[in-house]
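Here's the structure, in structure tokens; my notes come after.
So you know, we letter chains A, B, ... as the sequences are listed, proteins then strands, and number each from 1.
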Amino acid sequence: MTDIAIRVALAKGSFHLDVDLTVPASGLTAVFGPSGAGKTTLLRCIAGLESAARGLVRIGAAIWQDASTFVPPHRRAAGLVFQDTRLFAHLSVAANLDYGRRRIPADRPVPGRDDVIDLLGLGALLERRTSGLSGGEAQRVAIGRALLASPDFLLLDEPLAAVDAARKGEILPFVERLHRSAAIPMLLVSHDVEDVARLADRVVLLDAGRVRGQGAPTAMLATSAPDAAWAVTLPASVVPGGRTGTSLRVAARDVAVFLDPPGPSSALAVLPAAVRAVDGAAEGQALLTLDANGVRLLALVRQDVLERHGLGLGSIVHAVIHHATPA
Amino acid sequence: MTDIAIRVALAKGSFHLDVDLTVPASGLTAVFGPSGAGKTTLLRCIAGLESAARGLVRIGAAIWQDASTFVPPHRRAAGLVFQDTRLFAHLSVAANLDYGRRRIPADRPVPGRDDVIDLLGLGALLERRTSGLSGGEAQRVAIGRALLASPDFLLLDEPLAAVDAARKGEILPFVERLHRSAAIPMLLVSHDVEDVARLADRVVLLDAGRVRGQGAPTAMLATSAPDAAWAVTLPASVVPGGRTGTSLRVAARDVAVFLDPPGPSSALAVLPAAVRAVDGAAEGQALLTLDANGVRLLALVRQDVLERHGLGLGSIVHAVIHHATPA
Amino acid sequence: MIETFAAGGWSPLVLTLKLAAVTVVCLLALGTPLAWWLARTRWRGRVAIEAAVALPLVLPPTVIGFYLLILLGPNGAVGRAFALVSDQGLTFSFAGLVIASVVYSLPFVVQPIQNAFESVGRAPLEAAAVLRAGPWDRFVSVAVPLALRGFVTAAVMGFAHTLGEFGVVLMVGGNIPGETRVISIAIYDHVETLDYGYAHAMAAVLVALSFAILVLVYGINRRWARAAP
Amino acid sequence: MIETFAAGGWSPLVLTLKLAAVTVVCLLALGTPLAWWLARTRWRGRVAIEAAVALPLVLPPTVIGFYLLILLGPNGAVGRAFALVSDQGLTFSFAGLVIASVVYSLPFVVQPIQNAFESVGRAPLEAAAVLRAGPWDRFVSVAVPLALRGFVTAAVMGFAHTLGEFGVVLMVGGNIPGETRVISIAIYDHVETLDYGYAHAMAAVLVALSFAILVLVYGINRRWARAAP
Amino acid sequence: SARAVTVTVAVATNFLKPLETLASDFAATSGHDVVVVSGSTGKLYAQITQGAPLDVFLAADTERPAKLIDDGLAIADSRFTYALGRLVLLSRDPSAGADCVAALRASAGKVAIANPETAPYGAAARAALQAMSLSPAVAGRIVQGEDVGQTFAFVDTANAAFGFVALSQVAGEPPGARPGCRWDVPADLHPPIEQQAVLLRRAAGNVAAEAFLAWLRGPEAGALIRAAGYGVPAAP
Ligand SMILES: Nc1ncnc2c1ncn2[C@@H]1O[C@H](COP(=O)(O)OP(=O)(O)OP(=O)(O)O)[C@@H](O)[C@H]1O
Ligand SMILES: Nc1ncnc2c1ncn2[C@@H]1O[C@H](COP(=O)(O)OP(=O)(O)OP(=O)(O)O)[C@@H](O)[C@H]1O
Ligand SMILES: [Mg+2]
Ligand SMILES: [Mg+2]
């Protein structure tokens, strides 16, 4: 069993959480949903902080909770990064970072401290008390503290809400690398569609305490999120000048389709392609799945424009890629 | 004097805030800058919460602080929405919302309670204690509480960091309407470039406690923010089928330039245009300012592609608009 | 026993409750501003004031009573000042008892309130300030309710300690029936004179009454506190 | 005066400090788990326990001493149990004094610690739990340090109250020089016998010493607390 | 009689019980009101020096009334001995046997006396122990009550095996009603335990106070005092 099964029921006042969820025990699962949907509550149930929750929590072969078992939170060590950071006010930043790390059982590898400190830009803060930290600084310390505890399952509750875009741009790839190399499964709560689309291997949609859907980010976000979400990863070689062996991420909104081959332009690449699928998307848009000589592409276009030019399933087009970022 | 002048100096441990800033006393000014730049500290100085701060704080004709004056915070009533919400734990949500509202001086209009409650989706929470609120719910209550106090100057410290995109999409236009109709000047701290680009009348860049620049959002964000920031607002009529009298917002990344007129495509519109300016942007990109028959357009394109096709200042091109949103 | 209570036996209890109630009110009135100041000042000398507040504890009650007797007496500084405004002496009077009890129980009241104010911290007060609440307003509408637990503890401690107080009261008050003869002295007298029956009965009444009051106060506090964490 | 102190005059002071120190240690050892339990249980009956803890306060010390005398004595429940393990009696011994002082000062120790634990709340403990800290570990490494202010208050109150304690100690201790004759009794005796000189001197020493200890403790506490708000 | 006047009597706690009976008798016969205030002799002395509103002081010793006269706070010629304390050796130990002194000598149990420094009964007990050459036998076994009331509590609760208490404390107890032994210490084994009364300066001219003191020296009062377990000095 290499999947994660979570079936929890919990009532909090008038709010009822009733989640039934199975996800692979690897990669990053994004939990997405409106404010008050129960995302934080779900993470708390998984971490073992809601002792009133009933149900099953199984991480691979390890049963954290079922009808007869309730593993206490400190033995789950589900590195939960709280939405409100919860740094220890009586400890320095350094001692906060080391709190979990010093408690890692002897048979587990202890993560390197300096990498995390460098990455999160905490070097200058180590001797500081937590009380004077700015919002973003506190969030970074909280992330670092959780990472350094070497968790079996990382639960991130909007960990980057107060972190600026530039820093986010550094932290996210690290988290990504982390979850790919260490194979720690992760659950990320985020309101930021960009982050979710970029990082997540799959998305779980939560609303009013229930799972409303689950699947690949592209498919799932279509029903709930703005258009920034869909993207594909391509071999860089499809773009003139792209270095072989590397990949590019192309967002669906940055792909347009033309009937005739366009002339010289600011576009990165023009690829002949066939329209393999047309899905509805929000606000009168359509998501085209294209096959460009074996390379899958997504294009987000206006439904009405499509109709006006008689474009549809099976059409042969020229896919124009306007932007791409290294993946 | 209808401007806002802020010149404050304050040392907090090893951090030094030293700001000199003049902005018009109307509209929304976004304060943008990396984590730890001093944004929160600046807002606290303006609100009068840092009694050690030295300098000048003048809002139009009202002097809140100068060499001889220090108006205490409760007389400034600069509706500060704290980054950490700071709801009153001993009061219900309703009592939190009413706290400032009940203290509005008799000669000021008292804002309508129901509008704000509806807009922020707080109706179901009114009787609740603050302790069980989710992160986003708490932030919305904090915003409502500040708005209902009828402030002279609204200071928003990342008020929407934990609010989901859909809700944000409702709250932001309200804040926008509010500041346009009520003419309350606002200062918004946000890490979200999209928000800033969409809402702000001007941007102040803060870094390491100092103002690094100030100006229109498009110009300012170019030096610091990812490419999502640049956008222009167009009359909808430039796009086939666009309703006259309305406007469209077109992001620079959604505009491409073609040397030859392209054929039928998924594009919304193709406009002949002249390249009026070429500015460098981040990551090998260039920002083109286009003149399409009197309509100004921005296009974000790759520098190398531009060069490959010999495009530059004065080139006559076809601007292709792929996406637009109602403004 | 019946006769003993009937024959003025209840008067010490009534007097005691009155003394405890008045003392608690005075203690809160005096202790609250002191605790507030101690919780917020950054003056380095505050530790001396904090230590001074706790000092009445370290001396035996009778000895404190002795010094208070001198201080409040006709030749003492306070007694002389009081003589200017009243022709009644302070010692051996109800007013004197109140003063003595207040001095003696002050630390039990200042400490919990001060700790509670310190736990409240600056954050909610700043939030109130930017919502137009002036210093007094935010003290009343934010600091005090958030420090409620400390106030309850303070009131309970002050009340209980005044009930059981004895050495100080005996010295300053002089055991005058109906005026300064509080229940602790009455019980003491009956223990001393081997009237254990009356002492047991009176102690049982006192304990039962106090228990009821305490359960009530803590119960209400609990209800309030359950909502606000 | 010098001669008085020299003639065994210091022994009550030394004994008192020893008693206060031992009592504070016992109080903290006993009061901490009790306060922790009270702060965290949701059992409705807890208000009764809270009230019971405060009860020793409402009885005059001498009367508590009297009941303790019965309870700890050869015919009392505790005394009998103790007789099984020791052939020394509890009353009139240092051990008896410690027990009596602990009972009498318990409320002053439980209350501030309980309030401090309640102020800490669950949030930091949950944070510690997900960082692999077990219940005891997070109690020691998070709850106690965050409640430090409460512990300082508790220790100060317990210490000061034991110094000044008198009625209980007198009753249970039996005023045996070197064993149970604490300084408060010594001062009291000298007041009783009109030896005001010795009483003043001894009181001054006690006050000065206590003041020094309190300033030290509060000063250190301040230093710690300034950093963590 | 003349208009009813109130007399406030301060009494050493050990004499409080008898005084309550005396006071109500006096009030009944004289028509005056009596208010009784009790406390330890030392405390009452301190209060009188600080202007306590007291008229008559019934001390447990001779020293404090004399000192008040020296201080000018009491009427010099009003001082007299109203009661003589009687010392009793008491035990509640069922194994004590009939001979209390022998049991005391043989026992290893604690011996309670009142504090000899502050309480006359304590001084008397120490003197009696010396007179009987018992001091070495009880060395290390002495526990001190603050006053004779507390000393009695020590013995009565069996915390001390023996104790020197006041006859007045066991006067109402029929012989043999409780286990243990009792031995009335002969008066010549210790200096007399004189309890002296004095009229306080502020009561000069208070007819009730003067009448009370006069009545206290009279035969009716004497009988009551004797019944309470005290001696009464032979009429001068
Ligand atoms: N004691 C309670 N009584 C009633 N409702 C409660 C209680 N505790 C929590 N809730 C509600 O449960 C819902 C779920 O809360 P949760 O914190 O899990 O939301 P969330 O999905 O994390 O939201 P956000 O994105 O805003 O942080 C919220 O609507 C909250 O108000
Ligand atoms: N007492 C102190 N000692 C040293 N540095 C301090 C102290 N108090 C605050 N600072 C520093 O001041 C800087 C500015 O803090 P501020 O909260 O204003 O940042 P910010 O711009 O709001 O950041 P964020 O976006 O993360 O909230 C931070 O780097 C913070 O660590
Ligand atoms: Mg949440
Ligand atoms: Mg900030």
Side-chain angles (χ1 to χ4, degrees), chain C residues 44 46-48 50-52 54-64 66-67 107-108 111-112 114-116 118-119 121-122 149-150 153 156-157 159-161 163-167 183-185 187-188 191-192 196 199 203 206-207 209-215 217-219 221-222 225 229, chain D residues 44 46-48 50-52 54-64 66-67 107-108 111-112 114-116 118-119 121-122 149-150 153 156-157 159-161 163-167 183-185 187-188 191-192 199 203 206-207 209-219 221-222 225 229:
Chain C
R44 309 188 97 244
R46 58 171 270 179
V47 293
E50 284 183 284
L55 271 192
L57 282 181
V58 306
L59 286 177
T62 323
V63 175
I64 302 216
F66 177 68
Y67 288 121
F108 302 124
Q111 289 273 7
Q114 181 187 341
N115 281 0
E118 282 173 1
S119 288
R122 294 180 171 267
R149 197 156 45 206
T153 299
V156 163
M157 291 281 139
F159 187 83
H161 201 238
L163 286 192
E165 188 181 65
F166 167 70
I183 194 162
S184 55
I185 300 181
I187 299 178
Y188 174 76
V191 168
E192 279 288 298
Y196 293 158
L206 188 59
V207 165
L209 188 78
S210 310
F211 189 77
I213 295 176
L214 293 179
V215 165
V217 170
Y218 283 131
N221 185 36
R222 202 56 23 216
Chain D
R44 308 188 94 241
R46 58 170 269 184
V47 292
E50 283 184 284
L55 271 190
L57 281 182
V58 305
L59 287 176
T62 324
V63 175
I64 303 215
F66 178 68
Y67 289 120
F108 302 125
Q111 289 275 7
Q114 182 186 341
N115 282 0
E118 282 173 1
S119 289
R122 294 180 169 266
R149 196 158 44 204
T153 299
V156 164
M157 291 282 138
F159 188 84
H161 201 236
L163 287 192
E165 187 180 62
F166 166 69
I183 194 160
S184 54
I185 300 182
I187 299 179
Y188 174 77
V191 168
E192 279 290 300
L206 189 58
V207 164
L209 189 76
S210 311
F211 189 79
I213 294 175
L214 293 178
V215 165
L216 198 76
V217 170
Y218 283 131
N221 186 34
R222 206 52 24 213

Exercise: identify the closest heavy-atom pair between [X] and [Y]:
{"X": "C/F211", "Y": "D/L55", "answer": "CD1-CD1, 3.8 Å"}
{"X": "D/N115", "Y": "C/G150", "answer": "ND2-CA, 4.2 Å"}
{"X": "C/A160", "Y": "D/A54", "answer": "CB-O, 4.4 Å"}

Could you tell me whether the side chain of [Y] reaches within less than 4.5 Å of the side chain of [X], counting heavy atoms only?
{"X": "C/L206", "Y": "D/L59", "result": "yes"}
{"X": "C/Q114", "Y": "D/R149", "result": "no"}
{"X": "C/S119", "Y": "D/E118", "result": "no"}
{"X": "D/E50", "Y": "C/L214", "result": "no"}

Heavy-atom proximity to chain D below 4.5 Å, by part of C/Y67: side chain
Toward chain D, the part of C/R46 with a non-hydrogen atom under 4.5 Å: side chain
Test side chain to side chain donor-acceptor pair (under 3.5 Å) applied to C/S210 - qualifying residues, sequence neighbours left out: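 Not a single residue meets the side chain to side chain donor-acceptor pair (under 3.5 Å) criterion with C/S210.
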Looking at chain D, which one of [options] has the largest number of heavy-atom pairs inside 4.5 Å, strictly under?
{"options": "C/L209, C/I213, C/V156, C/V207", "result": "C/V207"}
{"options": "C/A212, C/A203, C/G121, C/P112", "result": "C/A203"}
{"options": "C/T153, C/V217, C/I64", "result": "C/T153"}

Contact origin within D/A199 toward chain C - heavy atom pairs under 4.5 Å: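 The backbone, not the side chain.
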Region of D/V215 in contact with chain C, defined by heavy-atom distances below 4.5 Å: both
Set of residues satisfying ring pair (Phe, Tyr, Trp, His ring centres under 6.0 Å) with respect to D/F66, sequence neighbours excluded: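 Per chain and number, D/F66 pairs via ring pair (Phe, Tyr, Trp, His ring centres under 6.0 Å) with C/Y196.
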Parallel, tilted or perpendicular, as decided by the 30° and 60° cut-offs, for the rings of C/F108 and D/F108: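 Aromatic pair D/F108/C/F108 classed parallel.
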